[in-house]
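Nothing fancy with the numbering, it's 1 onward along the sequence. Here the structure is a predicted model, which is why all the values come from computation and not from measurement.
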Amino acid sequence: MYELIVIGVSAGGMQALSRLLPALPDDYKIPVAIVQHISANNNNDYLPSYYSRICQLPVSWASPAMPINEGHIYFAPPGYHLLVESDRTFNLSVDDWVNHSRPSIDVLFDSAADVFREKLVGAILTGASSDGSKGLRNIKNHNGLILVQDPEEAEVDTMPRAAIETVGVDKTFSLNELKLLLMDL
């Protein structure tokens, strides 16, 4: 039913994703696109390299015109907004910062919601900004599934709280609950 999962994380994101992503089995079909707030000066392959070692799914930076393939984890590269195009490929942009970030979670969430609509899952995890809240609302407006980490569990609760205030979610989830939910999709 769902065709793409988009995840936004900031401060504390490495720990949260390290608990969540390795749980996805090697036959998991839904692609995952992630914006992790990282410095534009971080031009090495640390994120894909690290997650490739601990995940069962292939992991890479997203790049322009790259098809969104099932069973793959993609990260927004440092210094670029990650967008989903109508032909279901990725694109990158160096447009102005959004919410003091590039890559911005809202940019990914908004573009993915416009393409995947009700077949999109959007998740906000730990972080120290409000980035992602408006994009999460757009996902909800397109009848996609929205997931928010429990602020009480988040290493930094600002992003989950901003999402709750902006979107009005009925329930938040622990990382263990999120793992189970993603595996059940």
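Taking both residues in full, the closest heavy atoms of P48 and S52 are given as O-OG, 2.7 Å, listed atom of the first, atom of the second, then distance. Closest approach of L83 to S93, counting heavy atoms only: CD1-CB, 3.6 Å. Residue A154 comes nearest to Q149 through the heavy atom pair CA-NE2, 3.7 Å, listed as atom of the first residue, atom of the second, then distance. Considering all non-hydrogen atoms of both residues, E177 and F173 come closest at OE1-CA, 3.3 Å. Of all the heavy atoms in S133 and V167, the pair that sits closest is O-CG2, 3.7 Å. Nearest heavy atom pair, residue N91 against residue P64, reads OD1-CB, 3.9 Å.
Side-chain contact check for I105 versus H37: some heavy-atom pair is nearer than 4.5 Å. Residues L82 and L92 form a side-chain contact, since some pair of their non-hydrogen atoms from C-beta on lies under 4.5 Å apart. With contacts defined as side-chain heavy-atom distances shorter than 4.5 Å, the pair L147/L145 qualifies. Side chains of M14 and L47 form a contact here, defined as non-hydrogen atoms less than 4.5 Å apart. Two residues are said to be in side-chain contact when any heavy atoms from C-beta on lie closer than 4.5 Å; L136 and T166 fail this criterion. Side-chain contact check for P22 versus Y51: every heavy-atom pair is 4.5 Å or farther apart. In this structure, C55 and L24 have side chains that are not in contact, with every pair of non-hydrogen atoms separated by 4.5 Å or more. Contact check for R102 versus V94: side-chain heavy atoms found under the 4.5 Å cut-off.
More than 12 heavy atoms of other residues, nucleotides or ligands lie within 6.0 Å of CG in D27, so this atom counts as buried by the packing criterion.
A donor-acceptor contact shorter than 3.5 Å is absent between the side chain of N99 and the backbone of S101. Within the 3.5 Å criterion, the main-chain N or O of A65 finds no donor-acceptor partner in the side chain of T89. Between the side chain of D106 and the backbone N or O of G132 there is at least one donor-acceptor pair closer than 3.5 Å.
Pairs passing the side chain to side chain donor-acceptor pair (under 3.5 Å) check and including a residue from residues 68-84, sequence neighbours excluded, read S60-H72.
Distance check, rounded to the nearest 0.5 Å: CG of L180 to CG of L175 gives 11.0 Å. If you take CG on L182 and OH on Y2, they are separated by 11.0 Å, rounding to the nearest 0.5 Å.
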For a quick test of your reading: what N or O donor-acceptor pairs under 3.5 Å do the side chains of residues 114-127 make, sequence neighbours left out?
| unit_1 | atom_1 | unit_2 | atom_2 | d |
| --- | --- | --- | --- | --- |
| R117 | NH1 | H142 | NE2 | 3.0 |
| T126 | OG1 | A11 | O | 2.8 |
| T126 | OG1 | E155 | N | 3.4 |
| T126 | OG1 | V156 | N | 2.8 |
| T126 | OG1 | V156 | O | 3.2 |

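A chain of hydrophobic side-chain contacts below 4.5 Å, direct or via other Ile, Leu, Val, Met, Phe, Trp or Tyr residues, connects L17 to L57.
For the residue pair S129 / D131, no side-chain donor-acceptor distance below 3.5 Å is found, with atom types taken as modelled. Between S49 and R53, the side chains place a donor N or O and an acceptor N or O closer than 3.5 Å (distance only, hydrogens not considered).
Take Q36 and apply the side chain to side chain donor-acceptor pair (under 3.5 Å) test, not counting sequence neighbours, and it matches no residue.
Between W61 and F75, the angle of the ring planes goes over 60°, which puts this pair in the perpendicular group of the 30/60° scheme.
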